[in-house]
Structure formats: structure tokens, C-alpha cells
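For ligands, and for the atoms within them, numbers begin at 1 and follow the listed sequence.
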Amino acid sequence: MDAKTYIIKTFGCQMNEHDTQKIGGVLGGLGFEPARFEEEADFILFNTCTVREKAHQKAFSAIGRTVAKKRPISLIAVCGCMAQEEGAKLLSRFPEIDIIFGPDQIYRLPELLKTRNETGRPAIATELINSQEDYHFLDSVPAMRFHGPTAYVTIMKGCNSHCSYCIVPKVRGTEVYRPWRDIVREVQYLVEKGCREVTLLGQNVNSYGTGAEDGVRFGKLIRLISDNTDVERIRFTSPHPKDVDCDLIEEYATNPKLCSHIHLPLQSGSDMVLRRMRRAYNRKTYRAKIEKLRKVRPSIAISTDMIVGFCGETEAEFQSTLDFLQEIRFDYIYAFKYSPRPDTEAHQFPDDVPPGVKEKRLSELFTLQAKISHEINQSYVGRTEAVLVEGEDKLGKGRSQGRTETNKIANFSGNDVPIGVIVNVEIKKANANSLEGILCQKSR
Ligand code: SAH
Ligand code: SF4
Ligand code: F3S
């Protein structure tokens, strides 16, 4: 008999992308193989997001389209953050769903499938697991499956912050830190399979180890990974500005494996808005941390997340955001219109910035940022950058594509360079979101 096949539709952030890899690993262990098309899959999973209303709706519509054409023999599961939020309520809208499980319950998927098959009734598991003893951190991918030069590695789960707009703590629970020895072991294992760069993942990575008895906080963790594995590049996402401390700055000062990039979500450039958002920093303290980072690592690229049109955001407050963007000069930003989320503190405040104004502010922000990004990228022209080759240029053209240490996409001539090699590329041209260049010589 042919093996059963599955397909996973993934929405949301890197955490979800990585969870999808883990789910693939769990299903592989049960003898499932990836399907090429939804139409032929025996098991269809939706790994959902609910960070903004739009993400929530997107998952709902996708599920709706699939259940409308569900084949009697196939199974449907909904997992991820929207599944965590909605739980069993999803069944009243989509009775065709067979399994619902939250982000903390991935390890129980085999048991849920068994229950569903034995009882013929939906199986549901949406408990959050908030203690170190009970949490199951899964290694990303079982032995045969991992390939490629880069990989995600989970270092923690959950978030203990209380940003007033954010639903993540509700759907991902509180922080649990993965033991550092397990992290080091997984990184070294990935390296042995050909990985050269890892991205450490968590909702608030730099609160890693808060209160831990062994004293291993985030800076120390990076050091332990550098000293005890052969990985060549280390990245992480996302840190919180309030937890950027001396240990982390020290790593940027002294650790060449730590890439010259930090994604440091700012959200707003107005102190009043930041206070309403409960972000626990202001322009002054944020600026001070950026200055320290740039002092110890002048080449560091800095990117950020922004929200426009938060409750009560005035024109003057938005102007402060534009001014601050000009002052800091981020390499790139992700920006979103504020979207009220159920059971968050801000849900009680009026969502009083009209949709048209949110739209206008978002586009103003993007216009300003496009100019800054282009100027920064322009300053790379003529420089030689170390690029880790990840594959072919997405536009074809027979070129290769990789990333600089500063996380910029670089396309360059010559498609005979093997994936996973770090090469020197002379940058010849800058675009808003990428660089173009020519291969100098193989550096390693
Ligand atoms: N833990 C990360 C990312 C959280 S979600 C961090 O704090 O940096 C990713 C981004 O989505 C946030 O940085 C924020 O910019 C945005 N976001 C979160 N909740 C939102 C909401 N209710 N409306 C609009 N954007 C939101
Ligand atoms: Fe949400 Fe704030 Fe936690 Fe980020 S730090 S996940 S924005 S609550
Ligand atoms: Fe979305 Fe959950 Fe990530 S809400 S942004 S998938 S943590």
C-alpha cells in the first residue's frame, strides 16, 4: 500500500514555519510522506496565525475553501495560534474538522490521530503548557530530513510581556526556556548535516534564562553555542528592546559568529504611544541601546516592526514616529495597521484612528523607509561582502543567491557555486530590498 500523505498550509511568523517543520517530522515518524497537491493529500493541516484580524480571517477562508471540497477519506487538522484561540468553537463553524491542537500540543499529534481514527470523533488538545518540567521541545527535524545551509532552532516558548495590543501571550502562554545543552546538541547535530547558520527562535529570545538557576542568560547561551559547536553564523529573532543587556552587547563586541544584524521591534517612535502600548522603553532608552550596539559593531544592520494607528494615535504622535525613523535609520522595517485583538488590554480602548488614516500613515511610513533602505543599500556598492549561498536567484538569470552577514539578500553572477559555501561578493548595484554583485573568489 502507498504511504499516507500530508500537506501543511502555514500562516504567520517564523515560529509557525518552524512548528510546521516539527509537525512534518512527527508525521514522518508515523510513516506519512509530503503530498505534492492538496487534492491528493490524505491529511491536510492548517498551521494558523491570529496576530491581526486579517491573519485570522485568512486562515478561516482557507479552511472554508478546503472543507467545501473535502474528500471523505481525507482528514483535516487546524493547529497554531488561531486554533489555540478558538479551540472547540471551530467545530460549530466547520464540523468537518477532525483534529484541533495548539502550539504546545504538537508532540501529542500521534495520539490525537489515533483517537480520531478509533472514535471517529474530533480530537482536541489546546492546553497551554507553561512549566519547564512538562514542556516538550521537539528537535526540528529527524535525521534524514534536514538539508540546507540554514536552520531555525527553538530556544524558548511563550512570552511574559504584556504589550497592550498583543494576543501572542494568550495563545502561546508564558515563557519556558529550553535547556542550553539541548540547544547546543541540536545546533551541532544540524552542523553535522551541513548547516552553517542557525537562527535562534522565540517570542522574546533575549529574556532567555530569566531566573534560571544555572545563570545561563541569552548572551551566555550565544557564547555556549559558539564555543561548543562548529556553526559559523548565529542569528536570532525576536529580541525585546527592554532585554538588550550588557551580555548581549558584549557578544556583539567580541563574537565573530554572531551576525551583524538585529531585528529590534520598536512599534512606535512616540513616547506616549509606547506607554499606552506598555512596551517598557522609550525613545531615549531605545536610542541608547542602538548607540551601544553601533559602537561595538559599527557595521550592524538594524531592522524593526512598527504599528501605525494604535488607539488614540494623533498626527503629532505619528510625526514622532517618522522623525525617529529618520533618526535611527533602520535597514528595513515590517509595518502593520493596528488591529484590535480579543482579550487584550487595548481591546477596551477605542480603535479610533479611521481606516483611511491608518492606510495613509502606513504608506507614508513605507515611502520614507524605502528611501532610507535604498540609501543604506547604496552604501554597499563597491564593498566586498561575505555571502552564504542559499540557492538560485529567484528571478532565474543563472545567478546565485545568498545573504550577507547583515541579512541582506545578495544575487550574484555564477551559478556553479555550491549551496552552503560562504563566498566573497563584490557589490555592484543596490535595490530597495536586495543587492547585486559579482563573485570575487571562493573565500572558504
Ligand atoms: N514577539 C515579537 C513579535 C510579535 S508579533 C516581538 O515582540 O517583537 C510580530 C509583530 O506583529 C509585532 O512586532 C507587532 O509589530 C505586530 N503586531 C502584534 N500585535 C498587533 C496588533 N494587534 N495589530 C497590529 N500589529 C500587531
Ligand atoms: Fe507580543 Fe509584546 Fe510579547 Fe512581542 S513582546 S509577543 S509584541 S506581548
Ligand atoms: Fe501569528 Fe502566532 Fe506567530 S499569532 S505571529 S503565528 S506566534
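Nearest protein neighbour of atom 5 (S) of ligand 1, counting heavy atoms only, is Val51 CG2, 3.9 Å. If you check which protein heavy atom lies closest to atom 3 (Fe) of ligand 3, you get Cys13 SG, 2.3 Å. The shortest contact between atom 7 (S) of ligand 3 and any protein heavy atom is with Gln203 NE2, 2.9 Å. In terms of protein heavy atoms, atom 1 (Fe) of ligand 3 is closest to Cys49 SG, 2.3 Å. Remark: minimum distance from atom 7 (S) of ligand 2 to any protein heavy atom is reached at Tyr165 OH, 3.3 Å. Of the protein's non-hydrogen atoms, Cys166 SG, 2.3 Å is the one closest to atom 1 (Fe) of ligand 2. Ranking protein heavy atoms by distance to atom 2 (Fe) of ligand 3, first place goes to Cys81 SG, 2.3 Å. The single protein non-hydrogen atom nearest to atom 3 (Fe) of ligand 2 is Cys159 SG, 2.3 Å, given as residue, atom name and distance.
Here Pro169 has side-chain heavy atoms under 4.0 Å from ligand 2, and that is the only part of it that gets that close. The backbone and the side chain of Tyr165 each have at least one atom closer than 4.0 Å to an atom of ligand 1 (non-hydrogen atoms only). Contacts between Lys337 and ligand 1 below 4.0 angstrom, taking non-hydrogen atoms only, involve the backbone exclusively. With a 4.0 Å cut-off on non-hydrogen atoms, Gln203 touches ligand 1 through its backbone as well as its side chain. With a 4.0 Å cut-off on non-hydrogen atoms, Arg279 touches ligand 1 through its side chain and not its backbone. Under 4.0 Å from ligand 3, the heavy atoms of Arg172 that appear belong solely to its side chain.
When the options Cys163, Ser339, Pro241 are ranked by their closest heavy atom to atom 21 (C) of ligand 1, first place goes to Ser339.
Under a 4.0 Å N-O distance rule, the pair Arg287/Glu327 qualifies as a salt bridge. Salt-bridge check for Lys295 with Glu291: failed, with every basic side-chain N at 4.0 Å or more from each acidic carboxylate O. Contact check on Arg233 versus Glu405 returns no salt bridge, with no Lys/Arg side-chain nitrogen under 4.0 Å from an Asp/Glu carboxylate oxygen. A salt bridge does not link Arg403 to Glu197: none of the charged nitrogens lies less than 4.0 Å from a carboxylate oxygen. Classification of Glu385 and Lys408 as a salt-bridged pair fails, no side-chain N sitting under 4.0 Å from a carboxylate O. In this structure, Arg341 pairs ionically with Glu53, as a charged nitrogen and a carboxylate oxygen lie closer than 4.0 Å. Between Arg217 and Asp243 there is no salt bridge, since no side-chain nitrogen of the basic residue lies less than 4.0 Å from a carboxylate oxygen of the acidic one. Salt-bridge check for Asp247 with Lys220: failed, with every basic side-chain N at 4.0 Å or more from each acidic carboxylate O. Looking at Arg172 and Asp19, a side-chain N of the basic residue comes within less than 4.0 Å of a carboxylate O on the acidic one, giving a salt bridge.
Geometrically, Arg276 does not engage Phe349 in a cation-pi contact defined by less than 6.0 Å to the ring centre and at most 45° from the axis.
Looking at Cys81 and Val168, their side chains never come closer than 4.5 Å, going by heavy atoms from C-beta outward.
Residue-ligand proximity, Gln267 to ligand 1, at heavy-atom distances under 4.0 Å covers atoms 12 (C), 13 (O), 14 (C), 15 (O). Heavy-atom proximity to Val168, at under 4.0 Å, picks out these atoms of ligand 2: 6 (S). Every atom of ligand 2 with a heavy atom of Gln203 under 4.0 Å away is listed here by number and element: 6 (S). Every atom of ligand 1 with a heavy atom of Asp305 under 4.0 Å away is listed here by number and element: 9 (C), 10 (C), 12 (C), 13 (O), 15 (O). Taking every non-hydrogen atom of Arg52 and a distance limit under 4.0 Å, the qualifying atoms of ligand 1 come out as 11 (O), 16 (C), 17 (N), 23 (N), 24 (C), 25 (N), 26 (C). Ligand-side atoms of ligand 2 in range of His240: 5 (S), range being under 4.0 angstrom from any heavy atom. Heavy-atom contacts of Asn16 reach the following atoms of ligand 3: 6 (S) (cutoff under 4.0 Å). Within the listing of ligand 1, atoms 22 (N) sit less than 4.0 angstrom from a heavy atom of Arg341.
A donor-acceptor pair shorter than 3.5 Å cannot be found between the side chains of Thr404 and Tyr380.
Distances shorter than 4.0 angstrom occur between a heavy atom of Arg279 and an atom of ligand 2. In this structure, His240 falls outside the shell of residues with a heavy atom less than 4.0 angstrom from ligand 1. Residue contact check for ligand 1: Asn204 places no non-hydrogen atom closer than 4.0 Å to it.
Each of Met156, Glu186, Lys157, Gln132 was compared with Arg178 under the side-chain contact (heavy atoms from CB on, under 4.5 Å) criterion, and only Glu186 meets it.
A donor-acceptor distance shorter than 3.5 angstrom exists from the side chain of Gln369 to the backbone of Phe330, with no hydrogens or angles considered. Side chain of Asn411 to main chain of Gln401: no donor-acceptor pair is present (N/O by atom type, distance under 3.5 Å, no hydrogens or angles).
Not a single N/O/S atom of Cys163, whether from backbone or side chain, sits less than 2.8 Å from atom 1 (Fe) of ligand 2.
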